[in-house]
*Asks:* 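First the structure, which I've put down as structure tokens, then a few questions once you've had a look.
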Amino acid sequence: MKIQILGSAAGGGFPQWNCNCDNCTGVRNGTLNAKPRTQSSIAVSSNGVDWVLFNASPDIRAQLADFAPMQPARAKRDTGIGAIVLMDSQIDHTTGLLMLREGCPHEVWCTDMVYQDLTTGFPVFNMLEHWNGGLNRMQIPVDESVNRFTIDCAPGLEFIAVPLRSSAPPYSPHRNDPHPGDNIGMLIRDTGNGKSLFYAPGLGRIESHLPNIMSEADCLLVDGTLWRDDEMIHAGVGDKLGVHMGHLSQTGEGSDEEGMIAFLDTLEKPRKVLIHINNTNPILIEDSPERAELARHDIEVAYDGMSIEL
Ligand SMILES: [Zn+2]
Ligand SMILES: [Zn+2]
């Protein structure tokens with residue numbers, strides 16, 4: 001299977017348009033050794049022509065322009081996007097659906113909880129009904145421990161949804177009442193060679209079902225939002241802790257939790273890659289001590305344009 005990192009930053013991107021933190025300022029005026037990044041999204045394909053888009057970020061137009069295989073040009077109007085899978089209903093993962101309106105109808109896979117949010121608090125399904133059939137909603141199951149499904153445009157791949165505990169976005173009617181399916185991770189398996197990817201851009205806690213799933217995957221592409229739990233407060237740009245935003249920080253510093261690095265250290269098999277990096281995170285600076293610390297643990301940092309083949 002082919003995996004393309006279209007965007008690797010958390011919500012707001014890097015630099016974030018209105019942010020003057022040290023990282024955003026440094027990348028903006030070229031004084032930091034860091035790459036700009038768009039908001040997180042990946043595409044996965046079994047044949048390199050038809051792609052499943054995971055999350056539709058507000059930066060989707062630039063992301064498509066930077067990745068030629070998504071523009072196969074088999075007809076006057078055409079796209080390589082065969083289906084769209086949503087991991088949650090957050091703005092940075094769903095607003096791109098509006099930018100894709102010219103290509104409707106699209107096949108959009110999401111859980112019942114995400115569908116509820118996207119037909120009420122942020123009614124993008126209702127809005128796009130007016131564009132050539134809009135979004136064809138396909139249901140991602142989350143009621144079993146293994147929620148397996150297949151997608152027509154990706155023969156040879158199987159998808160297994162993994163419910164992750166998290167809060168729905170602020171505009172969700174059940175914001176303060178978490179349900180399975182508010183946020184998911186996805187195990188994607190190539191049935192030909194048996195290789196698998198686990199993708200979870202929002203991973204708040206190592207719940208008991210995760211170590212088994214993650215230790216068996218060949219590659220992990222997981223939450224790299226924050227280096228320390230209280231990072232946003234430290235940077236003077238917010239008052240929220242990572243734990244409250246559904247993001248397990250790399251070090252766990254500033255919280256009672258063990259961090260992502262300590263957990264990844266317990267897994268031997270998978271290649272380990274962080275994605276959904278917040279603009280305050282020091283790992284964005286290629287020559288930072290924090291980046292060197294990740295390297296010592298064999299943990300990579302995803303960048304826009306990165307390709308992985310499994
Ligand atoms: Zn996000
Ligand atoms: Zn910033």
Side-chain angles (χ1 to χ4, degrees), residues 5-42 53-60 63 84-97 110-111 113-114 117-118 121-122 124 164-172 175 182-186 199-205 221-228 230-250 260 273-285 288 290 301-302 304:
I5 313 303
L6 299 174
S8 52
F14 178 53
Q16 180 173 315
W17 67 278
N18 66 343
C19 188
N20 300 298
C21 75
D22 292 348
N23 277 1
C24 289
T25 304
V27 76
R28 201 175 282 126
N29 48 27
T31 53
L32 271 189
N33 181 9
K35 294 182 178 75
R37 284 167 162 86
T38 60
Q39 297 168 80
S40 84
S41 172
I42 68 168
L53 181 69
F54 283 78
N55 289 336
S57 105
D59 300 320
I60 185 75
Q63 294 170 343
I84 302 164
V85 173
L86 303 176
M87 312 301 285
D88 58 32
S89 55
Q90 299 284 347
I91 284 182
D92 58 324
H93 304 163
T94 56
T95 317
L97 293 169
C110 62
T111 65
M113 283 301 126
V114 167
D117 291 347
L118 298 182
F122 174 31
V124 61
L164 301 174
R165 207 178 154 79
S166 186
S167 305
Y171 42 84
S172 169
R175 163 73 168 170
D182 285 333
N183 177 31
I184 55 172
M186 191 74 70
Y199 176 55
L203 183 54
R205 222 177 326 155
L221 202 44
V222 294
D223 193 331
T225 310
L226 302 170
W227 177 254
R228 47 184 299 159
D230 54 2
E231 183 172 305
M232 308 272 288
I233 301 166
H234 257 251
V237 297
D239 55 5
K240 289 206 185 97
L241 292 172
V243 286
H244 296 144
M245 297 184 290
H247 298 300
L248 177 65
S249 66
Q250 277 103 68
M260 184 68 87
V273 186
L274 299 177
I275 192 168
H276 196 275
I277 323 290
N278 196 59
N279 57 71
T280 50
N281 194 325
I283 65 173
L284 288 167
I285 308 166
S288 65
E290 291 84 359
V301 180
D304 295 17

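Counting convention: from 1, in listed order, for ligands and their atoms alike.
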*Asks:* Okay, side chain of Gln250, backbone of Gly224: is any donor-acceptor separation there less than 3.5 Å?
*Replies:* yes
*Asks:* Ignoring hydrogens and angles, tell me if any N or O in the side chain of Ser172 forms a donor-acceptor pair with the backbone of Gly121 under 3.5 Å.
*Replies:*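 Looks like no, no N/O pair under 3.5 Å.
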*Asks:* Taking the Zn ion (ligand 2) as the vertex, what is the angle from SG of Cys24 to SG of Cys19, given to 10 degrees?
*Replies:* 110°
*Asks:* Could you check whether Ser89 and Asp117, counting side-chain N and O atoms only, form a donor-acceptor pair closer than 3.5 Å?
*Replies:*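 Side-chain D/A pair, Asp117 to Ser89: present.
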*Asks:* Work out the angle at the Zn ion (ligand 2) between OD1 of Asn279 and SG of Cys21, rounded to 10°.
*Replies:* 120°
*Asks:* Between the Zn ion (ligand 1) and Asp92, which N, O or S atom of the residue is the nearest one?
*Replies:*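 Result: OD2.
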*Asks:* Are there over 12 heavy-atom neighbours, none belonging to Asp230, within less than 6.0 Å of that residue's CG?
*Replies:* yes
*Asks:* Drop me the distance from Cys24's SG to Phe14's CZ, to the nearest 0.5 angstrom.
*Replies:* 6.0 Å
*Asks:* Suppose you place the vertex at the Zn ion (ligand 1); what is the angle out to His93 NE2 and His276 NE2, to 10°?
*Replies:* 100°
*Asks:* Could you tell me whether any N, O or S atom belonging to Asp88 is less than 2.8 Å from the Zn ion (ligand 1)?
*Replies:*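 Here the distance criterion (N, O or S atom, under 2.8 Å) is not met by Asp88, so no.
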